[in-house]
Amino acid sequence: DDFEIDYNQYALVYCCSDGAKLIGVFREAAQAAGWLVNCADDPENSDFQSPAIIKHEGYTISISSAGKNPGETKAMRKKLEELLEKDHLN
C-alpha cells in the first residue's frame with residue numbers, strides 16, 4: 001500500500017518492524033528529510049541508539065550494547081534494578 005508521512009513534524013524516527021524493506025523506506029525518507037533515525041536492531045543504519053536507563057537515588061545509569069543486543073541490555077537493566085533495590089533495603 002502507498003502511504004504518505006509528513007516528516008516535517010518529527011525530529012527523531014524509530015524504525016521497528018520485521019520487514020527490512022519497510023524499514024529501509026522509512027529510514028531513507030527520514031534521513032532525506034534530515035531527521036535522526038534509529039533502527040532498533042540495525043546499529044549500522046542508525047544515527048543513534050537509545051540506552052536502557054536506571055534512575056536510582058539521584059543517579060542515572062545507562063546501559064547499551066550499541067544496538068547489538070537490545071534484549072540482553074533490557075535483561076541487564078532489570079538485574080541491576082533488582083540489585084540496587086536489594087542494596088537499598090539493607
Side-chain angles (χ1 to χ4, degrees):
D1 292 334
D2 290 332
F3 55 89
E4 193 172 313
I5 296 175
D6 181 4
Y7 287 98
N8 293 318
Q9 297 179 19
Y10 306 99
L12 299 175
V13 177
Y14 284 85
C15 296
C16 305
S17 171
D18 59 358
K21 184 176 180 179
L22 180 61
I23 286 177
V25 169
F26 278 115
R27 181 182 63 243
E28 288 175 19
Q31 287 177 331
W35 303 122
L36 297 173
V37 177
N38 175 283
C39 298
D41 59 355
D42 188 358
E44 298 293 322
N45 288 305
S46 297
D47 298 313
F48 67 96
Q49 279 88 42
S50 295
I53 302 290
I54 300 170
K55 293 187 178 191
H56 181 77
E57 295 185 5
Y59 293 95
T60 301
I61 302 166
S62 67
I63 306 160
S64 175
S65 66
K68 294 178 182 161
N69 196 335
E72 185 64 30
T73 301
K74 182 178 178 180
M76 185 177 289
R77 185 199 75 214
K78 287 183 178 187
K79 289 177 186 177
L80 285 171
E81 286 174 329
E82 290 171 7
L83 180 65
L84 289 168
E85 186 61 31
K86 286 179 186 177
D87 184 55
H88 179 72
L89 296 174
N90 290 330

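The pair K78-E82 does not count as a salt bridge, with every side-chain nitrogen at least 4.0 angstrom from each carboxylate oxygen.
The side-chain heavy atoms of T60 and I53, taken from C-beta on, include a pair separated by under 4.5 Å. Residues H56 and L80 are not in side-chain contact: their nearest non-hydrogen atoms beyond the backbone lie 4.5 Å or more apart. Using a 4.5 Å heavy-atom cutoff, the side chains of S65 and E72 are not in contact. E57 is not listed as a side-chain neighbour of L84, based on a closest heavy-atom distance of 4.5 Å or more.
Scanning all heavy atoms of the two residues, the minimum distance from D47 to W35 falls at OD2-O, 3.8 Å. Scanning both residues, I63 and T73, for their nearest heavy atoms gives O-CG2, 3.2 Å. Heavy-atom minimum distance, C15 versus R27: SG-N, 4.1 Å. For the residue pair A66 and P43, the shortest heavy atom distance occurs at O-CB, 3.2 Å. Taking every heavy atom of both residues into account, S46 and Q49 meet most closely at CB-NE2, 3.9 Å.
Of the inter-residue distances, the one linking C16 atom SG with L22 atom CG reads 11.0 Å to the nearest 0.5 angstrom. A distance of 12.5 Å separates NZ in K55 from CD in E81, rounded to the nearest 0.5 Å. Atom OG of S64 sits about 10.5 Å away from atom CE of M76, to the nearest 0.5 Å. Between the CD atom of Q31 and the CG atom of L36 there is a distance of 9.0 Å, given to the nearest 0.5 Å.
Although no hydrogens or angles enter the test, the distance criterion places no donor-acceptor pair under 3.5 Å between the side chain of N38 and the main chain of Y14.
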